[in-house]
Amino acid sequence: MSANKKLLLLPGDGIGPEVIGVTRRVIEWFDKRGVLSFDMDEGLIGGASYDAHGTPLSDETLDRAKLADAVLLGAVGGPKWDDLEFSKKPERGLLKIRKEMGLFANLRPAVVFPALAEASSLKTELVSGLDIMIVRELTGGIYFGEPRGIEDLGNGERRGFNTLTYTTSEIRRVGRVAFELARKRSGKLCSIDKANVLECTVLWREEMTKLGKEEFPDVELSHMYVDNAAMQLVRAPKQFDVIVTTNMFGDILSDCAAMLTGSLGMLPSASLGAASGGRLPSLYEPVHGSAPDIAGKDMANPLATLQSFSMMLRYSFDLQDQADLVDRTIANLLASGLRTADIMQEGKAKVSTSVMADAIIRELDKLSASA
Ligand code: NAD
């Protein structure tokens, strides 16, 4: 029995409250059984926050997020808020909370459940059992580098420019997250760069190599150029275990890897900051958006959010057994043929969000009774 952890739920907009509601039931299930006790608090973000407070993220909610042991977010956005000025848009709330919490490492697993292998656009044998983890640097690189802009050259020409920069400490802190993960998994880490062209990523490669030698000699580190990595991800994805890369390369490669799994409704993520004083700033969220087209229709797939919660148990609280229980529950439900509409396949049983939620609770009861 662990001490109470402070958990902040930020359901957001669209299907956000529906998918968070399902995970809330799972958290309550753990609580009732005396396995885990969370002090659960809930706040507003995105359009819901704009409607209540005129801002997509209030200072008060941000303060509560900073004080929480972990944050679980649903999704933000929707047509209702599309015409707001840039700074008020729901998505600004998301960018702000990531930035203010200093979440520099974005973990995006690409896991193919055997029961869903046929949903991938790649051949089943290439992806069945796939389980890779991409660690993307999230707060530096070309998306944030200065100078940036578009300038008028005065002769009818304009020039657009951005700056790719990384410092030693920015590289090493995200490197450490990836090496630690590799150490807990297969002991293999692949760092992806473009060191044959970009000096900044020459530094990236040098620092990753040094870090490995100094602090993680037990982890086997390899390097790959990003163009080759994109090819290898669709040619033979199972060669990878943990990947670490820059902000922009990670943005592109993680979407590419996501598609190997076949469905947006099945993709979790974690964003982590620097651990200090026994606390790890962390935010967990599904990769998908607020899906306004199906919001309120009891059709949303809650499994990406539930897997995000499982990542929280693993990475924020080191509760491996409980995370395994959640993951096994999901795998069993899929193997039994239950599918929300987005992952429906011929011969399977199409169920609503709430029916899937009931089945999750029943499976948790069953697995824990037989443990
Ligand atoms: P989306 O991810 O919301 O939806 C894309 C498609 O996938 C839709 O057809 C949707 O019904 C389906 N889908 C997504 N999640 C699903 C789930 N859990 N179960 C079943 N089907 C699911 O992307 P979009 O349509 O481009 O964006 C909609 C809104 O969400 C926009 O306002 C956008 O800015 C926002 N958005 C937010 C986030 C976030 O909060 N992290 C991410 C992406 C988009």
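Order of listing sets the numbers, starting from 1, for every ligand and every atom in it.
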Hey, which atoms in ligand 1 end up nearer than 4.0 Å to a heavy atom of Gly289? 1 (P), 2 (O), 3 (O), 30 (O), 36 (N), 37 (C), 38 (C), 42 (C), 43 (C), 44 (C)
min-distance protein heavy atom vs atom 27 (O) of ligand 1 -> Pro292 CD, 4.8 Å
Ranked by distance from atom 18 (N) of ligand 1, the top protein heavy atom is Asn301 O, 3.0 Å
Determine whether the side chain, the backbone, both or neither of Asp342 has a heavy atom under 4.0 Å from any heavy atom of ligand 1. side chain
How does Leu73 reach ligand 1, by side chain, by backbone, by both or by neither, if only non-hydrogen atoms under 4.0 Å count? neither
Output yes when Asp13 and Lys80 qualify as a salt bridge under the 4.0 Å nitrogen-oxygen rule, no when they do not. no
Atom 11 (O) of ligand 1 touched by protein (heavy atom, under 4.0 Å): yes
One thing to verify: whether Arg183 and Asp218 come together as a salt bridge, which I'm taking to mean a side-chain N less than 4.0 angstrom from a carboxylate O. yes
Is any side-chain heavy atom of Glu207 closer than 4.5 Å to one of Tyr166? no
For atom 29 (C) of ligand 1, the protein heavy atom that lies nearest, with its residue and separation: Ser290 OG, 3.3 Å
Inter-residue atom distance Leu364.CG - Thr329.OG1, 0.5 Å rounding: 4.0 Å
Aromatic ring pairing Phe216/Phe179, orientation class (parallel under 30°, perpendicular over 60°, tilted between): parallel
Say whether Ala291, considering both its backbone and side-chain N or O atoms, lies within less than 3.5 Å of an N or O atom on ligand 1. yes
Tyr225 and Lys194: which non-hydrogen atoms are nearest, and at how many Å? CD2-CA, 4.3 Å
Heteroatom distance test (Asp82, ligand 1): nitrogen or oxygen, under 3.5 angstrom: no
Just how far is it from atom CG of Asn4 to atom CG of Asp39, taken to the nearest 0.5 Å? 4.5 Å
Within the 4.0 Å heavy-atom cut-off, what Val76 brings close to ligand 1 is both
Under 4.0 Å between a Lys/Arg side-chain N and an Asp/Glu carboxylate O for Glu28 and Arg24? yes
Pull out every atom of ligand 1 sitting under 4.0 Å from any heavy atom of Gly77, numbered as shown with elements. 32 (O)
Between Ser58 and Thr61, do the side chains contain a donor N or O and an acceptor N or O under 3.5 Å apart? yes
Under 4.0 Å from any heavy atom of Ala75, which atoms of ligand 1 are there? 40 (O)
Shortest protein contact, atom 33 (C) of ligand 1 (heavy atom only): Glu91 OE2, 3.5 Å
Can you tell which part of Ile15 has a heavy atom less than 4.0 Å from ligand 1: side chain, backbone, both or neither? side chain
Leu264 N/O to ligand 1 N/O under 3.5 Å: no
